[in-house]
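Every number for a ligand or one of its atoms is a count from 1 in the order of the listing.
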Amino acid sequence: EKGGHDYFMLKEIEEQPEALANTLRGHFVDGRIVLDEQRMADQDLRDVDKVFVIACGTAYHSGLVAKYAIEHWTRLPVEVELASEFRYRDPVLDRDTLVVAISQSGETADTLEAVRHAREQKARVLAICNTNGAQIPRESDAVLYTHAGPEVGVAATKTFLAQIAANFLVGLALAQARGTKYSDEVAREFHELEQMPAAVSQVLQTVDSVRALGRQLADSKAVLFLGRHVGYPVALEGALKLKELAYMHAEGFAAGELKHGPIALIEQDLPVVVVMPSPKGRAVLHAKLLSNISEIQARGARTIVIAEEGDETVRPFADELIEVPQVPTLLQPLVSTVPLQVLAAEIARARGYDVDKPRNLAKSVTVE
Ligand code: F6R
């Protein structure tokens, strides 16, 4: 049942192309995005004037990725917030606010309470969920299921990629309903998304070197992760995976914040993972990150760089280079997260831990 692997998590990492394809399937019909499990009329989507995304943990990171795409496609303001913070605030919501509640299990207590809090204020709630009939979709106005299949490993992997894809479908449906994108542009974005299962398969074929690197890093005291733009939530997710699986101190930073504090942490041989944007897609950001890496390299850090295939400019700054296929900028998290999942799993295994059942953690957090 583990498909020849010692752990479910390793099998679930390999199932990511399928999880993505299954989540996208059936949502583009006759040239239009359809959210068919949605019980929300087109008119409701047209009236939306603000989006809140609420979630916990890895699901929250998928929401952070989605913000870049939804704002870009729809020109609607998008706020992404931890459910445990949202529910105790007095957020400004009304019936034209769309709240997207993301939860793999559909049972997370804080996310459920945040949904109730939003609905009391008449906001419309769309759940993105991986579990049929769970409490959060039951209490939401509409649901979009991620069809990632059951996830047994406590650490979220394939559901993270599926959540990003589902969020993108919501963004495209909003753009379509509001007319902020022409239908041929929506179609083009969807077809780009449809290429992603193949791109993720390509990454999976190259992760042996990441495994070897993981074994080398098993004795590190800490690992830092840096990213910008959509690479920033990827850095946060890479750090979360490493904390929960390898019990190692790990932190993700927005690369632009380096000089505002974190650079003081850099010391000889400290592994720092850097998620590079595409040199063509985001030339300005790429140049900024190159300068960030040169600064940390000058202070003796061991740089582990995730970069687009063929990006020669980054080579001199990378002690270890992990290449991912060239994909549109907004979709890059779908490829760049995968090596970080493998890295965390491998470091944890090298340290002798059970990656399916990390200590102190439960698959669904139904208590607060
Ligand atoms: C991390 C992880 C957790 C969950 C979080 C939310 O690998 O699994 O951070 O993402 O507990 O869970 P759901 O999505 O079920 O609401």
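Looking at atom 14 (O) of ligand 1, its nearest protein heavy atom turns out to be Q104 N, 2.6 Å. Ranking protein heavy atoms by distance to atom 12 (O) of ligand 1, first place goes to T108 OG1, 3.5 Å. Here the protein heavy atom with the shortest distance to atom 11 (O) of ligand 1 is V365 CG2, 4.0 Å. For atom 5 (C) of ligand 1, the closest non-hydrogen atom of the protein is C56 O, 3.7 Å. Of the protein's heavy atoms, T58 N, 4.1 Å lies nearest to atom 3 (C) of ligand 1.
Look at V154 and you'll find a heavy atom under 4.0 Å from some atom of ligand 1. Using a 4.0 angstrom heavy-atom cutoff, K241 counts as in contact with ligand 1.
With hydrogens and angles disregarded, no donor-acceptor distance shorter than 3.5 Å links the side chain of T366 to the backbone of T108. Not a single donor-acceptor pair under 3.5 Å links the side chain of Q135 to the backbone N or O of A109. For the pair E244 (side chain) and L361 (backbone), a donor-acceptor distance under 3.5 Å is absent.
On a distance-only criterion, G106 and ligand 1 share no N/O pair closer than 3.5 Å. Of the N or O atoms in T111, none lie within a sub-3.5 Å distance of an N or O in ligand 1.
In this structure, F28 has its ring center closer than 6.0 angstrom to the ring center of H191. Y68 has its ring centre less than 6.0 Å from the ring centre of H229.
Short contacts between ligand 1 and E244, defined as distances under 4.0 Å to a heavy atom of the residue, involve ligand atoms 1 (C), 7 (O). Atoms of ligand 1 lying under 4.0 Å from any heavy atom of S103, numbered from 1 in the order shown and given with element: 13 (P), 14 (O), 15 (O), 16 (O). Against a heavy-atom cut-off of under 4.0 Å, A59 is close to the following atoms of ligand 1: 10 (O), 14 (O).
In K363, neither the side chain nor the backbone holds a heavy atom less than 4.0 Å from any atom of ligand 1.
A salt bridge links R116 with E139: the closest approach of a Lys/Arg side-chain nitrogen to an acidic carboxylate oxygen falls below 4.0 angstrom.
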All N/O donor-acceptor pairs, side-chain side in residues 248-259, below 3.5 Å, sequence neighbours left out:
| unit_1 | atom_1 | unit_2 | atom_2 | d |
| --- | --- | --- | --- | --- |
| H249 | NE2 | E251 | OE1 | 3.4 |
| K259 | NZ | E295 | OE2 | 2.9 |

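Screening residues 85-115 for ring-ring contact (aromatic ring centres under 6.0 Å, His included) gives F52-F86, F86-H117 as the qualifying pairs, with residues at least two apart or on separate chains.
Taking the ring axis of Y247 as reference, the NZ or CZ atom of R359 stays within 45° of it and closer than 6.0 Å to the ring centre.
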